[in-house]
Each structure stands twice: as C-alpha cells, then as structure tokens.
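Written out below as structure tokens is the structure these notes cover.
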Amino acid sequence: MAGKRKDKDNSSSDDSSSEDDIKKKKLKTNTPLIKVSVTSNDNKNKQLTDILTELSVFEKNKGQVHRFTAYRKAVLSIKAYPHEIKSGLEAQKLDGVGAKIAKKIDEILKTGDLKKLKSQNQDETLTAINQLSRVTGIGPQKAKSLVEEGIKTIDDLKKIKNTLTHHQQIGLKYFSEFEQRVPRKEIEVFEKLVSNSLFSIDPNIISQVCGSYRRGLESSGDIDILISHPNFTLEMKDKKKTFNIIEKLVESLKKKHILIDDLSLGPLKYMGVCKLVSTEISEQHIARRIDFKLIPYESYYFGLLHNTGSDEFNRQMRGIALKQGFTLSEYSINKLSKGVKNETPILVNSEKEIFDIIGMEYYPPNKRNL
DNA sequence: TGGACTGCGCATCCGA
DNA sequence: TCGGATGCGC
DNA sequence: GTCCA
C-alpha cells in the first residue's frame with residue numbers, strides 16, 4: 001500500500017561519461033578498513049551529514065528502509081572522509097554516494113539548504129509521522145494509520161492510550177527517558193547486578209554487555225546483554241527445547257526492583273525496562289531500555305562479535321569473509337564451496353579465532369567504532 | 001535495467 | 001481456535 | 001538511493 005516511488009523531476013540522466021570514471025575510482029571503504037578514531041568528531045562535513053541524516057529519517061518513517069540505509073551508508077562514508085567536501089563530484093567518489101546525493105550536496109554547498117528537505121519539513125503529515133515513530137513500538141505503518149485518524153502528537157496518543165499495544169504503551173510512558181543516552185558508569189552498575197543474579201541462577205552461565213559499551217564508548221543508547229551456558233546448544237535451540245535462563249533472570253531482577261516493565265519476553269530474547277533504585281542520598285535515576293539474548297554455546301563468540309558491532313564494522317567484516325570464501329553470521333561461520341554453504345559449523349573459542357579464519361588482523365572492540 | 005540491500009524473535013492481527 | 005502473515009525492533 | 005550482475 002505504501003506508495004511506490006515517484007521521483008519525478010529527478011531523472012538522474014545527466015553526466016554519463018564522468019559517471020563511469022567515478023565508478024572506477026570509488027574509494028571502497030572496504031579492505032582495508034578505514035580507521036576512525038573512537039572520538040571521531042573530526043567531521044569536516046557536519047552540515048552535509050546532518051541534512052542527509054534528516055533525509056534518512058524521513059525515508060525510514062515512510063517505510064523505505066533500504067533508502068534509509070542507503071542514506072546512512074553515505075553519511076558514514078562522508079564522516080570517515082578526512083577533507084572538507086567542495087563539490088558533489090568530489091563526494092561521489094565515496095562508497096555509497098551516487099548521482100542523486102551528489103546533486104543534493106551541490107545544492108547544499110551552493111544554497112546552504114535543500115529544497116526537498118524543506119518541503120518535507122513543511123509537510124504536516126510527514127512530520128507527524130516522524131513524531132509518532134519516536135515511540136518504541138510505533139513504526140511507519142502504525143504512525144501512518146494514526147495520522148490518518150487525526151492523531152498527530154504525543155499528547156494525542158495519550159488520549160487513546162488504551163487502544164495501543166502493550167509495547168507501545170510502555171514506549172509512551174517512558175517517551176522522554178528512552179531518548180536519553182545511558183552513561184557508561186550506569187551500565188557498569190547494571191552489569192554487576194545482572195551478573196550477580198545470573199551467578200545465583202547457575203554459576204556456569206556466561207554473559208557480556210555488548211553494543212557500544214563494549215566498544216568503549218562513554219554512553220550508549222541502551223543496554224544489550226548476551227547470555228550463554230555450556231548446556232544450551234545449537235541443537236537444543238533448533239529443537240526448541242526450552243532453557244529458561246531468561247525467565248529466571250527476569251524474575252530475579254524484578255525482585256530486586258531493577259526491572260520495572262516488559263516489552264517482550266520469550267525463551268531466547270527479552271526486551272524491557274530497567275532502572276537503578278534511587279535512595280534519598282543518591283541521585284535520582286531514570287528508566288533505561290535493556291535487552292537480554294540467550295545464545296547457543298557454540299554461537300557465543302559469533303553472537304558477541306555481531307552484537308558488539310558497529311553495524312558498519314560488521315558489514316565490512318562480512319564482506320571480507322565473503323572474499324575469503326566464508327559466510328559470517330550472528331550464529332556461525334561457514335565455508336562456501338562453489339557458492340554453496342557447507343553446513344558443518346566451525347567451532348571457535350574466542351573472537352580472535354574468527355578474525356584468524358578469514359585472515360584478518362584482530363580488531364579489539366574499541367577499534368570497531370566505524 | 002531490475003533485484004539485493006541480514007533476517008530473526010516476539011506480539012499481535014487475520015483469515016480459515 | 002489455530003497457523004500463518006505482518007509489524008516492529010535490532 | 002546505490003551498487004552490481
């Protein structure tokens with residue numbers, strides 16, 4: 001239903017000879033990985049990346065997830081580019097920047113603004129959809145139907161709270177809090193609390209906080225914890241034998257009043273809300289998003305690698321794996337023979353072994369902030 | 001020029 | 001009521 | 001929107 005593309009007036013038919021030149025010269029952000037320092041605030045093209053990021057959000061909320069990722073990829077390339085971009089043509093040498101974005105960059109450099117963005121920002125429906133989509137559980141479809149019913153703001157949502165799903169109601173309840181970053185110090189406390197609960201459930205459980213926390217950043221968007229146990233194997237997962245670690249963990253943390261609301265709870269994945277207990281003398285704390293994932297034991301290091309990211313790092317590493325004849329996933333690495341996946345899983349005992357298999361230099365987590 | 005772009009767990013909806 | 005489809009998040 | 005077969 002969501003309208004097919006209609007990009008009229010923008011028929012990208014121009015400059016064909018220079019196009020081919022550009023393609024050959026494309027700087028692949030592939031092999032070798034371009035290193036960006038952990039504090040990569042040396043972005044000389046902030047105006048460009050800010051505007052392109054805004055465009056990406058519009059696309060995502062219009063349901064155009066691939067256009068969203070396309071813009072995001074272009075933004076990452078530009079952020080990693082160490083010079084001030086002076087023309088669309090210059091930008092187009094970067095991986096992920098094509099003719100359309102190059103044209104937009106020219107317009108931005110020339111006029112300081114972008115008509116497409118302006119008109120979208122003046123579109124009441126689109127901006128309302130963007131607003132509603134900030135509530136977790138409300139995606140492009142729900143946002144669209146809400147706006148069609150005349151619900152356009154967060155305040156409007158509160159009036160019809162009872163018609164929302166449980167997930168959406170929790171999203172509304174903590175709307176502002178979920179948009180705050182979680183300081184590293186606070187995650188360290190949660191880490192300890194969760195570890196303690198897990199140890200009392202079964203001392204053989206292993207766990208690790210992943211995401212940007214593991215990459216060493218000073219704050220994260222949420223808290224993402226991977227859990228495994230020697231007795232929970234791939235075979236058990238495939239046969240759907242239940243292993244109720246997550247259920248026990250959730251129960252334990254609720255007793256400690258650390259978990260205060262749930263978004264979803266299954267045998268393999270929990271999504272919920274946590275908050276440190278505030279006392280009179282300590283500072284007051286706010287609610288945070290937290291996820292637990294139970295990973296089969298043989299998949300643990302693959303899960304660790306995958307869930308540590310960054311997304312861009314994963315993308316590039318998977319690309320390198322492919323060149324070496326492997327497919328790398330969240331669960332395993334498999335040899336490709338004649339393009340077909342060999343189903344025999346390769347076992348590893350560390351992340352480093354995965355790098356070794358594809359002949360790649362080891363990147364510790366704090367070097368994966370691409 | 002048209003298809004790929006990760007794909008899977010959970011909640012909820014929908015149709016038989 | 002149940003199995004599959006869909007929306008969503010990551 | 002970009003890339004690639």
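Letters go in sequence order (proteins before strands), and every chain restarts at 1.
Across the protein-nucleic acid pair, A:Arg134 atom CZ and C:dC8 atom P stand 17 Å apart, rounded to whole Å. Atom P of nucleotide C:dC8 and atom CD1 of A:Ile129 are separated by 11 Å, given to the nearest angstrom. Between A:His166 atom NE2 and B:dT12 atom P there is a gap of 8 Å when expressed in whole angstrom units. Between the C1' atom of B:dC10 and the CD1 atom of A:Ile246 lies a distance of 11 Å, rounded to the nearest Å. Between A:Arg67 atom CZ and B:dG3 atom P the separation is 15 Å, expressed in whole Å. When rounded to the nearest whole Å, the span between CG of A:Asn307 and P of C:dG9 equals 18 Å. The CG-C1' distance, from A:Asp224 to B:dG9, rounds to 14 Å in whole Å. With rounding to whole Å, A:Asn61 atom CG is found 13 Å from C:dG9 atom C1'.
Using a 4.0 Å heavy-atom criterion, one finds that A:Arg72 contacts no nucleic acid atom at all. Counting any heavy atom pair closer than 4.0 Å across all strands shown, A:Ser329 reaches no nucleic acid atom. Within 4.0 Å (heavy atoms only), A:Lys293 reaches no atom of the nucleic acid at all. Backbone-only engagement by A:Lys237 is indicated by non-hydrogen atom pairs under 4.0 Å involving sugar-phosphate atoms exclusively. Nucleic acid contact class of A:Val75 (heavy atoms, under 4.0 Å, all strands): none. Among the protein residues, A:Thr69 comes within range of no part of the nucleic acid, since none of its heavy atoms lies under 4.0 Å from any strand.
Picking from B:dT12, D:dG1, D:dC3 the nucleotide with the shortest atom distance to the side chain of A:Tyr71 gives D:dG1. The side chain of A:Gln141 lies closest to C:dG7, out of B:dG9, C:dG7, B:dT6. Residue A:Pro267 places its side chain closer to B:dC10 than to any other of B:dC10, D:dG1, C:dG9. For A:Ile101, counting side-chain heavy atoms from C-beta on, the closest listed nucleotide (C:dC8, D:dG1, B:dG9) is D:dG1. Picking from C:dG9, C:dC8, D:dC3 the nucleotide with the shortest atom distance to the side chain of A:Thr136 gives C:dG9. Distance from the side chain of A:Lys73 is smallest for D:dC3 among the nucleotides D:dC3, C:dC10, B:dA11. With B:dG9, D:dG1, B:dT6 as the candidates, the nucleotide lying closest to the side chain of A:Tyr331 is B:dG9.
With salt bridges taken as basic N to acidic carboxylate O contacts below 4.0 Å, none links A:Arg289 and A:Glu177. Contact check on A:Asp311 versus A:Arg72 returns a salt bridge, with a Lys/Arg side-chain nitrogen under 4.0 Å from an Asp/Glu carboxylate oxygen.
A cation-pi contact links A:Lys237 to A:Tyr331, judged by a cut-off of 6.0 Å to the six-membered ring centre and 45° from its axis. Under a cutoff of 6.0 Å and an axis angle of 45°, A:Arg184 and A:Tyr213 form a cation-pi pair.
For D:dG1, one of the phosphate oxygens OP1 or OP2 lies less than 4.0 angstrom from a side-chain nitrogen or oxygen of A:Lys100.
When the options A:His167, A:Lys173, A:Gln169 are evaluated for a side-chain hydrogen bond (donor to acceptor under 3.5 Å, both in side chains) with A:Asp261, the one that passes is A:Lys173.
Annotation: of the two residues near DNA chain B, A:His306 and A:Ser264, the 5′-most nearest-nucleotide partner is A:His306. Ranked by how close their nearest DNA chain B nucleotide is to the 5' end, A:His66 and A:Leu263 are led by A:His66.
Taking atom C1' on both nucleotides, B:dT6 is separated from C:dC8 by 15 Å, rounded to a whole Å.
When ring centroids are compared, A:Tyr297 and A:Phe232 stay outside the 6.0 Å threshold.
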